[in-house]
Amino acid sequence: MRLTDTRTRRVEEIRPERSRRLTMYACGPTVYRSQHVGNLRTFVLGDLISRCAETLHGWSVELVQNITDVGHLADDTGIELAGEDKLLLAAREENRDPFEIARFYEAQFHEDCAALNIKPAARYPRASECIELIVDLISRLMDKQHAYVGADGSVYFDARSFPSYGAISGNRLEDLRAGHRQDAAELSAGKRFHADWALWKSAGANRQMVWDTAWGPGFPGWHIECSAMSLHYLGETFDIHTGGIDLRFPHHEDERAQSESAVGHEVVRHWVHGEHLLADGRKMAKSTGNVVLVRDVAERGFDPLAVRLFYLTGRYRQQMNLTWDAIAGADRRLRRWRTKVAAWAEAPSAAMAEDYVGRLREAFEDDLDTPTALVALADLEKDDAVPAGAKFETFAWVDRVLGLDLVRDVGKPVMAAELPDGAADLLQRRERARAAKDWAASDTLRDELTSLGVAVTDGPDGQTWTVS
RNA sequence: GGCGGGAUGGCCGAGUGGCUUAGGCAAGGGCCUGCAAAGCCCUGUACGCGGGUUCGAUUCCCGCUCCCGCCUCCA
């Protein structure tokens with residue numbers, strides 16, 4: 001398996017350190033709002049790596065994904081307003097327990113992942129439940145002189161104590177512009193150097209989500225939880241760390257500095273970053289106002305997995321521009337494939353089409369070249385030389401990587417679908433109308449059946465129907 | 001100012017020094033149908049701008065323009 005490593009800036013051969021077990025950490029959601037399809041794109045990236053490892057190599061995958069439910073959550077005001085649970089909104093406005101909010105969005109995150117066929121991680125540690133790990137790690141960094149208590153009582157990491165700072169992002173400490181987006185004085189308060197960052201934030205006036213420590217009451221900084229969790233759950237060396245490209249700096253740079261300063265060597269063997277999903281040509285973000293949620297896709301009548309297929313039409317290292325036309329196109333292709341796969345499943349069984357399997361395998365291995373894999377599938381779909389049974393087996397196999405539920409409709413026509421009330425009668429009347437060549441009545445009845453969710457098709461042997 | 005990624009036909013999006021210049025969706029034509037839908041077959045339109053290298057560049061080099069992202073909220 002080859003993947004582009006952000007740190008080495010090259011495509012690297014991935015071999016698990018522990019021969020057949022791939023260890024991976026995926027930066028997870030901050031659960032104070034809904035995850036949008038841009039966030040989900042990155043999670044699908046991790047899922048693709050997992051599925052390739054399992055399906056193509058037979059490796060087991062140990063994936064850990066954090067749930068950030070403390071920290072910068074505390075002073076963020078960006079909560080969803082439209083279509084949200086009113087109780088939740090009230091809780092927020094009345095300054096009720098923020099953990100209620102966190103748990104609500106955490107549950108929603110899992111639902112959205114399930115809708116996109118993202119396989120669950122082995123663990124989803126919550127930051128709020130890893131405070132001990134975090135405090136221990138900060139203590140180690142203090143002991144090793146990589147951290148200090150600032151003038152404001154917060155604990156900071158001393159960026160200049162980590163010589164290879166910038167290895168992932170290409171940034172140089174001396175070139176970073178202090179306070180590029182915020183007031184420099186405010187940001188640097190308590191720090192010795194503007195690029196230092198908080199490991200432990202002093203509670204200040206906050207009363208909720210605050211823990212007591214030797215440095216006083218407070219809460220963890222943004223980056224430290226990932227170091228603490230990954231070191232604890234995956235060990236001092238693990239294979240792959242994924243995340244969105246925006247996390248490359250400062251989040252992953254800082255995480256790397258913390259982890260390596262603590263253990264004294266490189267912890268993450270390969271950093272893999274997914275590019276952004278754009279909408280209207282801009283990064284999808286709440287603040288930009290171009291957010292699309294999984295439920296928005298469903299509400300327009302599209303299968304959420306059309307979004308997953310849409311991701312697959314581009315490479316993970318490229319930005320993609322989301323349009324509803326593109327989603328509609330993916331949705332249509334998805335339906336067509338499912339219908340065909342179901343039809344092929346009825347044919348005599350046959351072994352997989354090995355030449356196509358080879359093409360597919362090679363595409364995935366080549367830095368997750370999913371567009372090329374989809375081309376191979378399009379070719380296979382139309383290849384008359386391949387028996388239907390072999391097409392079925394090959395599509396079923398590849399779906400273990402693609403995760404598109406391509407076999408969803410298999411066996412469906414065999415099962416007797418329940419007709420809605422009155423539909424059987426309409427069908428009988430339509431059959432009589434057709435026999436009498438009363439096309440006007442036939443069309444009216446077809447419309448009525450459609451509104452009941454029964455799709456009628458006319459063929460040489462009369463009408464057939466399916467229930468949607 | 002530093003760092004990272006782009007600009008391909010109506011839309012999305014691969015890719016390549018020339019060879020049949022992906023694929024999907026849409027569109028146009030056809031088959032099928034009483035008419036549709038679905039399905040099937042066929043068919044266009046392209047490589048941001050200006051130089052250079054080359055027999056030949058969308059692909060390599062130089063310059064330019066524009067776009068997106070990060071520089072301590074960010075997938």
Q | salt bridge (charged side-chain N to carboxylate O under 4.0 Å, His left out) against A:D158, all qualifying residues, sequence neighbours excluded | A | none
Q. Who passes salt bridge (charged side-chain N to carboxylate O under 4.0 Å, His left out) against A:D443, sequence neighbours left out?
A. A:R446
Q: Pull up the glycosidic torsion of B:G51 and say syn or anti, syn being anything within 90° of 0.
A: anti
Interface polar pairs with nucleotides 12-16 of chain B, N/O, under 3.5 angstrom:
| from | atom 1 | to | atom 2 | distance (Å) |
| --- | --- | --- | --- | --- |
| B:C12 | OP1 | A:N321 | ND2 | 3.2 |
| B:C12 | O3' | A:N321 | O | 3.2 |
| B:G13 | OP1 | A:N321 | N | 2.5 |
| B:G13 | O2' | A:T313 | O | 3.0 |
| B:A14 | OP1 | A:R315 | N | 3.2 |
| B:G15 | OP1 | A:R315 | NH1 | 2.9 |

Q: Using the P atom on both, measure B:C66 against B:C61 and round to a whole Å.
A: 22 Å
Q. By side-chain contact (heavy atoms from CB on, under 4.5 Å), which residues pair with A:D246, not counting sequence neighbours?
A. A:H276, A:K283
Q: Produce a footprint string for nucleotides 34-40 of chain B: one letter per nucleotide, 5' end first; B if the base is under 4.0 Å from any protein heavy atom, S if only the sugar-phosphate is, - if neither.
A: BBBBSSS
Q. Mind checking what makes ring-ring contact (aromatic ring centres under 6.0 Å, His included) contact with A:Y311, not counting sequence neighbours?
A. none
Q) Charged N to carboxylate O below 4.0 Å: is that the case for A:R10 and A:D5? A) no
Q. If the P atom of B:C41 is compared with that of B:C32, how far apart are they to the nearest Å?
A. 15 Å
**Q.** ring-ring contact (aromatic ring centres under 6.0 Å, His included) against A:H146, all qualifying residues, sequence neighbours excluded
**A.** A:F157
Which atom pairs, one a donor and one an acceptor, fall under 3.5 Å between side chains of residues 371-378 of chain A and the rest of the protein, sequence neighbours left out?
| from | atom 1 | to | atom 2 | distance (Å) |
| --- | --- | --- | --- | --- |
| A:T372 | OG1 | A:D369 | OD1 | 3.2 |
| A:T372 | OG1 | A:D369 | OD2 | 2.8 |

Q: With sequence neighbours excluded, tell me which residues meet ring-ring contact (aromatic ring centres under 6.0 Å, His included) with A:F249.
A: none
Q) When the nearest nucleotide of RNA chain B is assigned to A:D246 and to A:R9 on a heavy-atom basis, which residue is associated with the more 5' position? A) A:R9
Q) Reading RNA chain B 5' to 3', how would its secondary structure be written in dot-bracket notation, given Watson-Crick and G-U pairs with both distances under 3.5 Å, brackets [ ] for crossing pairs and | for partners on other strands? A) (((((((..(((.....[....))).(((((.......)))))....(((((..]....))))))))))))....
Q: Output all residues satisfying side chain to side chain donor-acceptor pair (under 3.5 Å) with A:E448, sequence neighbours left out; order by chain, then residue number.
A: none
Q) With sequence neighbours excluded, what pairs up with A:D447 under the side chain to side chain donor-acceptor pair (under 3.5 Å) test? A) none
